[in-house]
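What you see is a predicted model; the values in this text were computed from it and never measured. FYI, side chains are in, hydrogens and waters are out, and symmetry mates aren't considered; it's all heavy atoms of this structure.
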Amino acid sequence: MILLGAYLLLVNLAGYALFAHDKRAAERGARRISEDSLLFISAIGGSAGAYAAQQICRHKTRKQPFQSLFRAVVALQVVGLVLAVVFKDRIAAIF
């Protein structure tokens, strides 16, 4: 459980950092981080950090189809979390 918490902390810090860096790059006209990379860091658990950076830095909050894809990632994570909680006994039996 400690490893999971450490992983989530690190991946969310990375998500925040990538979104914030991309915002700075956009403002400066510098090389950007691909939307695929931003969505990937979100999908592997960094969606909370990514969302925080979007709100704080005002970055990619209205861009479509990025926002639709980001929301789909978050929705899948919520469904996965709900299923993990509901079926935690069965999951624990497997491991």
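When all heavy atoms are compared, the tightest approach of Ser47 to Val74 is CB-CG2, 3.9 Å. Listed here is the closest heavy atom pair of Phe19 and Ala50: CE1-CB, 3.3 Å. Minimum heavy-atom separation, Ser42 to Gln77: O-NE2, 2.8 Å. The shortest heavy-atom contact between Lys23 and Cys57 is CE-O, 3.3 Å.
For the atom pair CG of Leu76 and CZ of Arg71, the computed distance is 14.5 Å after rounding to the nearest 0.5 Å. Rounding to the nearest 0.5 Å places CD of Gln67 at 6.5 Å from CD of Gln64. With rounding to the nearest 0.5 angstrom, the CG atom of Asp89 is 11.5 Å from the CD1 atom of Ile94. One finds the CG atom of Asn12 at 12.5 Å from the OH atom of Tyr16 (value rounded to the nearest 0.5 Å). Here the CZ-NE2 distance, from Arg31 to His21, works out to 9.5 Å after rounding to the nearest 0.5 Å.
Remark: Ala14 engages Ile41 in a side-chain contact (heavy atoms from CB on, under 4.5 Å) (not counting sequence neighbours). Listed by chain and number, the residues in a side-chain hydrogen bond (donor to acceptor under 3.5 Å, both in side chains) with Glu35 are Lys60, Lys63 (sequence neighbours excluded).
A single hydrophobic cluster is not seen to contain both Leu8 and Ile2; linkage of ILVMFWY side chains at heavy-atom distances under 4.5 Å, directly or through other members, places them apart.
Note on ring orientation: taking the six-membered ring where Trp is involved, the planes of Tyr51 and Phe70 are parallel (angle under 30°, cut-offs 30° and 60°).
The only member of Leu3, Leu10, Val11 that meets side-chain contact (heavy atoms from CB on, under 4.5 Å) when paired with Tyr7 is Val11.
In the hydrophobic clustering, where aliphatic and aromatic side chains (Ile, Leu, Val, Met, Phe, Trp, Tyr) are joined below 4.5 Å either directly or transitively, Leu13 groups with Leu9.
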Step-by-step side-chain hydrogen bond (donor to acceptor under 3.5 Å, both in side chains) determination, Thr61 to Gln54: CA-CA 6 Å; Thr61 56; Gln54 286 179 31; over 6 Å; no
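Taking the side chain as every heavy atom from C-beta outward, Leu18 and Asp22 never approach each other to under 4.5 Å.
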